Amino acid sequence: NLLDYLQEYSADRYSVNRVQEAKKLIKKQAYQKTYMVNKNGMTEYMELMKMPGVNNVYLVYIYPETVVTDIVNPVMFESLITCLLILLITLSMLFYMWAVSKQASDTIEMLAYGDPITGGKNDNYFRTMATNVIWENANIPYLVARFDVANFRYINEAYGHIRADELLTIIVEESGKFFKGRELCT
């Protein structure tokens with residue numbers, strides 16, 4: 001009997017037990033798969049299949065572990081590389097979407113709250129932030145100061161729009177040095 005031979009061919013009692021268990025289970029199940037270690041110390045896989053319609057006839061496949069590893073290892077390596085590539089592509093797409101979204105958000109914020117000429121903030125920003133500052137600091141006294149460059153239109157006409165815009169930019173930059181924290185300047 002082949003299964004008796006395999007028990008003798010097994011190197012350790014665990015392999016002998018697996019062969020005995022396969023021998024018992026094959027009568028109940030049509031298919032059985034197990035492995036064993038032979039006397040040379042090599043792992044071998046064993047598959048038993050009951051032949052339908054024929055009593056006590058079994059089809060037995062015995063093959064060394066190297067057959068499995070020679071087939072499975074390259075497939076596992078290719079699968080790992082494929083998964084890593086998919087992960088890399090997914091992460092790069094997520095980063096790209098985040099960057100585009102951030103840029104769009106910054107552009108919308110600049111259009112809503114920024115002054116394109118001076119690079120400072122506009123009245124929409126002042127109204128929004130002033131409401132928040134006053135609401136959060138209701139018990140603290142506050143002061144609203146407004147200043148105007150007298151006869152600015154004459155500067156505009158005399159020196160041109162470009163020089164006048166440069167002057168406004170300098171005024172915004174210098175006033176930004178004085179107003180910090182809860183203080184607002186637009």
Side-chain angles (χ1 to χ4, degrees), residues 18 31-37 42-47 49 61 63-186:
R18 278 192 284 280
Y31 176 79
Q32 186 70 25
K33 181 176 180 178
T34 189
Y35 69 95
M36 59 183 236
V37 178
M42 296 182 61
T43 301
E44 293 184 338
Y45 290 96
M46 177 176 60
E47 296 184 42
M49 184 174 16
Y61 298 103
Y63 48 92
E65 182 181 36
T66 56
V67 170
V68 175
T69 56
D70 289 348
I71 294 170
V72 172
N73 284 345
V75 172
M76 285 177 51
F77 180 74
E78 290 171 4
S79 298
L80 177 66
I81 295 298
T82 303
C83 288
L84 289 175
L85 283 173
I86 290 170
L87 181 64
L88 181 65
I89 290 169
T90 303
L91 288 175
S92 62
M93 290 297 290
L94 286 173
F95 177 75
Y96 175 75
M97 289 188 306
W98 172 82
V100 168
S101 174
K102 175 80 169 114
Q103 183 180 12
S105 176
D106 291 347
T107 301
I108 290 170
E109 185 175 337
M110 180 59 192
L111 291 172
Y113 296 125
D115 181 3
I117 295 172
T118 63
K121 302 297 183 182
N122 63 16
D123 286 341
N124 290 333
Y125 176 82
F126 177 77
R127 287 186 191 108
T128 302
M129 293 306 292
T131 302
N132 291 341
V133 168
I134 291 170
W135 180 260
E136 290 172 1
N137 303 293
N139 297 332
I140 300 173
Y142 57 90
L143 171 70
V144 176
R146 181 176 184 261
F147 73 92
D148 189 11
V149 178
N151 299 319
F152 188 76
R153 73 180 155 105
Y154 295 120
I155 296 171
N156 224 355
E157 291 171 1
Y159 296 102
H161 293 290
I162 295 174
R163 296 294 282 169
D165 291 347
E166 289 173 357
L167 177 62
L168 286 175
T169 303
I170 291 170
I171 291 171
V172 167
E173 288 173 358
E174 291 301 315
S175 58
K177 293 177 183 176
F178 294 105
F179 299 104
K180 294 181 181 169
R182 292 185 315 231
E183 300 168 341
L184 299 172
C185 176
T186 58

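Since the model is a prediction, treat every value here as computed from it, not as a measurement. Position 1 is the first residue of the sequence; numbering continues from there.
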If you define the side chain from C-beta out and look only at heavy atoms, does anything of Tyr45 sit under 4.5 Å from Val67?
no

Is atom CE of Met110 surrounded by more than 12 heavy atoms (other residues, nucleotides or ligands) closer than 6.0 Å?
yes

Given Ile81 and Leu85, is the side chain to side chain contact (heavy atoms under 4.5 Å, CB included) satisfied, shown in steps?
CA-CA 6 Å; Ile81 295 298; Leu85 283 173; 4.1 Å; yes

Separation between CG (Asp165) and OG1 (Thr118), nearest 0.5 Å, reads 9.0 Å

Test Glu47 against every option in Tyr35, Tyr31, Tyr61 by the side chain to side chain donor-acceptor pair (under 3.5 Å) rule and name the one that passes.
Tyr31

Counting distance only, does the side-chain N/O of Asn122 pair as donor-acceptor with the main-chain N or O of Ala112 below 3.5 Å?
yes

Test item: Thr128 side-chain N/O and Tyr125 main-chain N/O as donor-acceptor pair under 3.5 Å:
no

Looking only at non-hydrogen atoms, find the nearest pair between Pro64 and Met42 and report the distance.
CB-CE, 4.5 Å

What distance do Arg127 atom CZ and Asn132 atom CG have between them, rounded to the nearest 0.5 Å?
14.0 Å

Is Asn156 close to His161 at the side-chain level, that is, under 4.5 Å between some pair of heavy atoms?
yes

Heavy-atom side-chain proximity of Asn151 to Ile155 below 4.5 angstrom
no

How many angstroms lie between atom SG of Cys83 and atom CG of Leu88, to the nearest 0.5 angstrom?
12.5 Å

Taking atom CG as the centre, does Leu80 end up with more than 12 heavy-atom neighbours from other residues, nucleotides or ligands that are less than 6.0 angstrom away?
yes

Return the OG1 to CZ distance between Thr131 and Phe126, rounded to the nearest 0.5 Å.
8.5 Å

Rounded to the nearest 0.5 Å, the OG1 atom of Thr66 sits from the CG atom of Asn73 at a distance of 11.0 Å

Separation between CG (Asp70) and CD (Glu65), nearest 0.5 Å, reads 10.0 Å

For residues Leu167 and Ile171, determine if any side-chain heavy atom of one lies less than 4.5 Å from a side-chain heavy atom of the other.
yes

Do the side chain of Ser101 and the main chain of Trp98 share a donor and acceptor less than 3.5 angstrom apart?
no

For Val133, does its backbone N or O pair with a side-chain atom of Asn137 as donor and acceptor, under 3.5 Å?
yes

Distance only, no hydrogens: is a donor on one side chain within 3.5 Å (strictly under) of an acceptor on the other, for Tyr159 and Glu166?
no

